[in-house]
Number of protein chains: 2
Amino acid sequence: MENMMESLPNMRLTTQRQIILEELGKVTCHPTANEVYDMVRKRLPRIGLGTVYRNLELLADSGVILKLEVGGTQKRFDATVDPHYHIRCSACGKVDDIDIPLQEHINQAATAASSYKVLGHHIEFSGFCHSCLAKKPD
Amino acid sequence: MENMMESLPNMRLTTQRQIILEELGKVTCHPTANEVYDMVRKRLPRIGLGTVYRNLELLADSGVILKLEVGGTQKRFDATVDPHYHIRCSACGKVDDIDIPLQEHINQAATAASSYKVLGHHIEFSGFCHSCLAKKPD
DNA sequence: TTATGTGCAAAACATTTGCAGGAGT
DNA sequence: ACTCCTGCAAATGTTTTGCACATAA
């Protein structure tokens with residue numbers, strides 16, 4: 001944890017920052033800013049929602065965490081920064097990791113198929129999660 | 001156009017609906033609701049933004065158009081409904097189609113790699129568009 | 001004629017920001 | 001000390017919604 005922060009010269013190690021990072025690291029799914037706020041508030045009841053947003057943004061900009069621009073109305077955050085794909089439950093909106101090989105080759109295909117300078121890609125699967133399937137089987 | 005609407009028993013063919021569909025069909029990129037509003041307003045100056053949102057939502061629910069849940073803060077809309085991928089300019093946010101083969105096989109991989117019932121996937125490439133590259137070459 | 005759609009304005013969300021006081025280095 | 005950071009609240013931006021009137025079928 002402290003190693004993470006030590007690599008960030010312009011960022012102070014505040015209690016708020018530390019606890020946000022700890023709580024995000026505890027979960028395997030990818031919470032929204034508001035969900036992080038709820039998690040953190042159990043330990044720091046006086047923290048402001050603005051502080052949570054500011055820190056998540058700052059940590060994402062520094063590459064310590066990942067900001068996921070997935071479907072749904074809210075951004076989500078991921079403590080794991082190495083490239084991987086995601087799946088989103090069409091019923092409840094939950095987002096989890098999908099551990100399949102990176103499809104690096106499609107970047108070349110995309111470069112050939114467009115006038116853009118292609119930098120990368122993200123794959124988002126959709127489906128129904130275990131607990132939503134249990135509620136309404138089909 | 002009317003064919004499209006005829007297949008939708010519960011939807012009336014209103015002027016607003018028709019013009020929204022026409023304007024969306026004219027562009028190859030994928031405008032936000034507000035951009036559609038601006039396009040449509042040139043022909044129907046008294047149309048309300050709420051009407052645009054309601055119709056885009058309704059048309060997407062009926063499968064006549066596609067609602068894109070891509071990166072950025074706004075949803076975008078696509079007159080082409082058959083499956084294809086997109087690229088988003090990291091500088092200006094513009095979204096275009098990317099015409100590469102569908103990667104159907106990764107759905108199986110995702111099914112094997114998770115406890116979800118996998119339904120499909122979407123790939124979003126990121127990069128810089130032609131006009132942003134021209135402005136700031138690197 | 002009557003259910004559906006529209007314009008308008010207000011409400012509901014998600015996120016960002018200004019500021020005065022607080023805390024890390 | 002000197003920044004940077006925080007809590008709070010207000011502002012912003014996007015999307016949804018309630019309602020009285022209009023209109024397609």
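Below, read A as the first sequence line, B as the second, and so on, with proteins coming before strands; counting in each chain starts at 1. Just so it is clear, the structure is predicted and the values come from calculations on it, not from any experiment.
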**OP:** Specify the residues of residues 30-39 of chain B, ordered by number, for which at least one heavy atom lies under 4.0 angstrom from an atom of DNA chain C.
**Re:** none
**OP:** May I ask you to evaluate whether R46(B) reaches the phosphate of dC8(C), defined as a side-chain N or O under 4.0 Å from OP1 or OP2?
**Re:** yes
**OP:** Find out whether L44(B) and T15(B) are in side-chain contact, i.e. whether some heavy atom of one side chain is under 4.5 Å from a heavy atom of the other.
**Re:** yes
Subject >> Sidechain-backbone polar pair: R41(A) side chain, I47(A) backbone, donor-acceptor under 3.5 Å >> reply: no
**OP:** May I ask you to say what L49(B) touches in the nucleic acid, namely base, sugar-phosphate or nothing, with a heavy-atom cut-off under 4.0 Å?
**Re:** base
Original post:
When the distance from CD of Q74(A) to P of dT14(D) is rounded to whole Å, what number comes out?
Top reply: 16 Å
**OP:** Give a yes or no on whether a salt bridge exists between E35(B) and R76(B), defined as a side-chain N under 4.0 angstrom from a carboxylate O.
**Re:** yes
Subject >> Footprint string (nucleotides 19-25 of chain D, 5' to 3'): B base within contact, S backbone only, - free, heavy atoms under 4.0 Å >> reply: ----BBS
Original post:
For K75(B) and dA14(C), what is the distance between atoms NZ and C1' respectively, to the nearest whole Å?
Top reply: 11 Å
Subject >> Exercise: do D97(B) and H86(B) side chains pair donor with acceptor under 3.5 Å >> reply: yes
Subject >> Nearest-nucleotide 5' precedence on DNA chain C, L44(B) against E57(A) >> reply: L44(B)
Original post:
Between Y53(B) and dT15(D), is there a side-chain N or O to OP1/OP2 distance below 4.0 Å?
Top reply: yes
Subject >> Carboxylate-amine/guanidinium contact K42(A) E23(A), below 4.0 Å >> reply: no
Original post:
For N107(A) and H121(A), does a side-chain donor sit closer than 3.5 Å to a side-chain acceptor?
Top reply: yes
Original post:
Which comes earlier along DNA chain D counting from the 5' end, the contact point of G48(A) or that of K67(B), where each point is its nearest nucleotide?
Top reply: G48(A)
Original post:
Hey, does K75(B) have a side-chain heavy atom less than 4.5 Å from the side chain of T73(A)?
Top reply: yes
Original post:
Does Q16(A) put a side-chain nitrogen or oxygen below 4.0 Å from OP1 or OP2 of dG7(D)?
Top reply: yes
Original post:
More than 12 heavy atoms of other residues, nucleotides or ligands under 6.0 Å from CG of D99(A): is that the case?
Top reply: no
